[in-house]
Protein chains: 4
Amino acid sequence: MGKGEALRDRTAEAIIESAAAVLAERGDAASMEEIANAAGVGRATLYRYFANRTEMLSAMADVGARELADRIREADLQTVPFEEAIARLARGIIATGSKYIALGTDGTRRTDSAEVIEPIRALFGRAIADGSLRRGHSPDLLMSLFSGLIRGAIEATRGHRLGIEEAASAVTDLFLRGVSAEPSPPRAKQERSAR
Amino acid sequence: MGKGEALRDRTAEAIIESAAAVLAERGDAASMEEIANAAGVGRATLYRYFANRTEMLSAMADVGARELADRIREADLQTVPFEEAIARLARGIIATGSKYIALGTDGTRRTDSAEVIEPIRALFGRAIADGSLRRGHSPDLLMSLFSGLIRGAIEATRGHRLGIEEAASAVTDLFLRGVSAEPSPPRAKQERSAR
Amino acid sequence: MGKGEALRDRTAEAIIESAAAVLAERGDAASMEEIANAAGVGRATLYRYFANRTEMLSAMADVGARELADRIREADLQTVPFEEAIARLARGIIATGSKYIALGTDGTRRTDSAEVIEPIRALFGRAIADGSLRRGHSPDLLMSLFSGLIRGAIEATRGHRLGIEEAASAVTDLFLRGVSAEPSPPRAKQERSAR
Amino acid sequence: MGKGEALRDRTAEAIIESAAAVLAERGDAASMEEIANAAGVGRATLYRYFANRTEMLSAMADVGARELADRIREADLQTVPFEEAIARLARGIIATGSKYIALGTDGTRRTDSAEVIEPIRALFGRAIADGSLRRGHSPDLLMSLFSGLIRGAIEATRGHRLGIEEAASAVTDLFLRGVSAEPSPPRAKQERSAR
DNA sequence: AAATAATCGAGACGGTACGTCCTGTCTTTGG
DNA sequence: CCAAAGACAGGACGTACCGTCTCGATTATTT
């Protein structure tokens with residue numbers, strides 16, 4: 001029944017929450033028992049909700065991905081110019097960051113659901129097609145680079161060295177300048193100095 | 001004396017080599033026995049060289065860092081223009097990538113010795129001072145972003161989706177355009193489109 | 001509760017039983033894994049019951065000692081004449097022999113609980129006091145000798161060279177003649193032949 | 001050549017000596033390294049003399065057996081009356097005791113060479129034949145019992161509770177009374193008291 | 001006396017058992 | 001009927017010892 005399922009979902013969520021906290025604290029060395037205790041639950045119960053440590057981790061990743069997917073959906077990427085879409089993406093992903101990084105650190109990850117990936121890939125595809133993106137790089141490579149940039153920015157916020165807004169704007173700024181189709185800055189300087 | 005130590009070092013190196021290979025293949029699930037066997041060595045011997053799995057991993061990271069430091073030293077960053085220095089850095093780091101990524105994936109990591117970090121920090125500092133770098137971002141933030149970009153590029157090479165040269169040039173291109181002090185491309189478009 | 005403890009005790013007993021069997025078969029070379037498997041139990045479980053190999057052995061010895069103590073209690077040593085008491089002791093101890101010897105062979109041994117030793121010591125003390133035992137030997141020495149005699153008899157039964165009854169009666173016969181206070185047989189012969 | 005062999009033998013002997021001492025001290029837990037060091041010799045050298053721990057132990061036993069055989073030969077068992085022979089045996093064996101016990105405690109043992117066993121078996125055979133021994137027990141059983149008695153006596157000397165002479169004379173006394181063919185002491189008392 | 005051979009210690013190595021810890025499965029007990 | 005508790009098999013970890021081996025260094029032997 002609905003009520004039972006709701007409870008079930010809330011328990012699962014609590015476990016995931018605790019797992020995220022404990023893993024962030026103790027790293028991959030955290031045992032299932034520690035996580036279960038942190039969630040105020042028996043170890044056996046934990047296994048009733050997740051078959052595996054791996055599955056639990058992936059469920060954790062899914063929660064992060066879902067949250068991310070929500071933000072991305074809200075961002076309405078397809079209705080705004082490329083530049084604005086990138087800005088919104090950077091802000092949204094970096095804001096979700098803490099959990100995102102937790103996963104990234106582990107060996108498991110890469111659950112980035114289609115709901116996260118596809119809109120972004122579509123964005124890059126469109127930008128290449130309509131000429132707002134300089135030609136020469138595949139959408140996949142661009143995504144990898146953009147994702148790395150974001151990862152770097154999140155890391156920079158980890159030591160509380162700077163706020164989310166600043167990090168997001170730095171990413172946006174750098175990336176847009178870097179990939180824009182506008183008259184390329186005279187970086188040929190590099191070649192010339194080498195000749 | 002010297003000979004014995006040389007042998008000892010070569011054995012340690014062989015173990016680290018095998019460990020890198022096995023870990024890349026099987027991930028963190030690889031057992032010490034698997035690694036030892038892959039190195040053609042008994043499990044006990046492995047423990048004679050590294051007290052811990054953790055210590056072995058960290059020795060692996062050290063080797064990676066040392067290799068990287070070598071490449072960076074050879075790159076003579078301080079004698080070439082900023083643009084060329086970035087290009088060399090990207091190529092060098094991505095080339096060392098495979099091992100580097102293996103560590104990055106694990107929980108241990110981050111041994112990046114001063115010999116790796118300092119030259120790069122100095123490079124960014126100099127570039128900001130002499131005006132080849134647009135003002136507004138701290139050298140540390142730039143380093144984080146550059147490092148993320150590289151990480152993304154290495155990831156893109158993982159599935160053999162593209163070669164090291166292409167990845168390096170993509171990173172160089174994007175980063176230099178992104179941070180150059182030249183007349184900014186008219187990205188104000190973003191703001192205008194929002195009005 | 002009672003039920004759980006009962007099961008726990010029965011498992012422990014089964015392990016001890018198997019351990020006794022395997023150790024008798026393969027000697028001290030038997031590994032903990034062999035013993036665990038013989039008991040139909042995982043190695044880890046074995047360690048849940050006994051912290052050490054040593055502790056397991058000593059628990060084994062305790063079981064033997066307890067069994068022995070039971071027989072000795074049933075023998076009612078203090079209500080029968082010395083001669084009958086010795087006869088009962090010999091029979092009882094030799095019958096318990098197999099386990100007893102298994103321990104004796106090992107390096108651990110000598111757990112002979114007070115419940116085993118004290119009644120026997122009391123028996124010898126009483127016999128010396130009431131004159132049924134020839135004076136001149138301390139109760140402890142007599143116990144050592146008696147114990148050695150029994151050990152020898154058990155050994156004689158090991159190769160199935162003779163039955164428990166015969167062995168026990170030989171011990172009883174020899175020991176009683178040997179220590180009785182009755183007019184000494186003319187063994188002076190020895191002295192005379194030496195003069 | 002003779003000299004080399006002599007040295008070799010003396011080294012082997014020294015090792016055995018040390019092994020006996022260390023094993024007596026630390027029990028079977030003593031490692032080969034401890035034994036080697038105690039003998040002032042490298043572990044490798046120890047293995048150059050004895051292929052195995054087992055072989056070393058058995059060599060140790062052989063030394064004990066040889067020493068015992070010497071004493072038994074000197075005892076001239078066949079030229080003296082049974083009683084005197086027993087007395088000499090008890091003294092001789094108990095005197096050799098310390099090593100003898102060390103082996104007896106271990107799991108290996110039972111090397112008692114024929115030179116030890118045969119003269120004793122012959123002694124019992126002769127005594128049965130010439131009537132100085134009560135009929136009814138096989139020579140083997142008598143040997144087992146006698147051996148047990150001796151073992152018990154040696155044990156009694158272990159805690160320095162009494163000297164070798166006293167222990168030997170107690171064994172001699174008890175055994176001779178116990179097995180003599182003389183008019184049996186009226187131990188029928190046992191049956192009567194049971195009525 | 002010099003060259004050659006034997007023997008030594010030192011210590012690395014592969015292998016294996018030990019005792020510990022964690023995972024994933026199962027059963028028992030209580031709310 | 002489901003959660004908590006906890007026992008269980010299995011397997012990896014890190015430690016210690018065994019028996020094998022190779023290395024130089026120190027002796028003895030031989031020429």
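Lettering follows sequence order; numbering is per chain, from 1. Only heavy atoms go into these numbers, but all of them, side chains included; no hydrogens, no water, no symmetry mates.
- Between C:Leu57 atom CG and E:dA17 atom C1' there is a gap of 15 Å when expressed in whole angstrom units.
- Nearest heavy atom pair, residue A:Ser18 against residue A:Ala39, reads OG-CA, 3.2 Å.
- Between the side chain of A:Glu34 and the main chain of A:Ser31, a donor-acceptor pair closer than 3.5 Å is present.
- Atom CG of D:Leu46 and atom P of F:dC17 are 15 Å apart (whole Å).
- Residue C:Met60 comes nearest to C:Ala20 through the heavy atom pair CE-CA, 3.6 Å, listed as atom of the first residue, atom of the second, then distance.
- A:Ile15 places its CD1 atom 11 Å from the C1' atom of F:dA3, with the value rounded to the nearest Å.
- Taking all atoms of both residues into account, the shortest heavy-atom contact from A:Ile154 to A:Ile93 is CD1-O, 4.3 Å.
- Closest approach of C:Tyr47 to C:Met32, counting heavy atoms only: OH-CG, 3.4 Å.
- F:dC13 atom P lies 15 Å from atom CD of B:Glu55, rounded to whole Å.
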Below 3.5 Å is the cut-off: list the nitrogen or oxygen pairs between protein and nucleotides 22-24 of chain E, distance only.
unit_1	atom_1	unit_2	atom_2	d
E:dT23	OP1	A:Met32	N	3.2
E:dT23	OP1	A:Arg53	NH1	2.8
E:dT23	OP2	A:Met32	N	3.1
E:dG24	OP2	A:Tyr47	OH	2.9
E:dG24	OP2	A:Arg53	N	3.2
E:dG24	N7	A:Arg43	NH1	3.1
E:dG24	O6	A:Arg43	NH2	2.9

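- Between the CE atom of C:Met56 and the C1' atom of E:dA17 there is a distance of 13 Å, rounded to whole Å.
- At a threshold of 4.5 Å between non-hydrogen side-chain atoms, the residues C:Arg48 and C:Val41 do not count as touching.
- For B:Tyr49 and E:dC13, the shortest distance from a side-chain N or O to OP1 or OP2 is below 4.0 Å.
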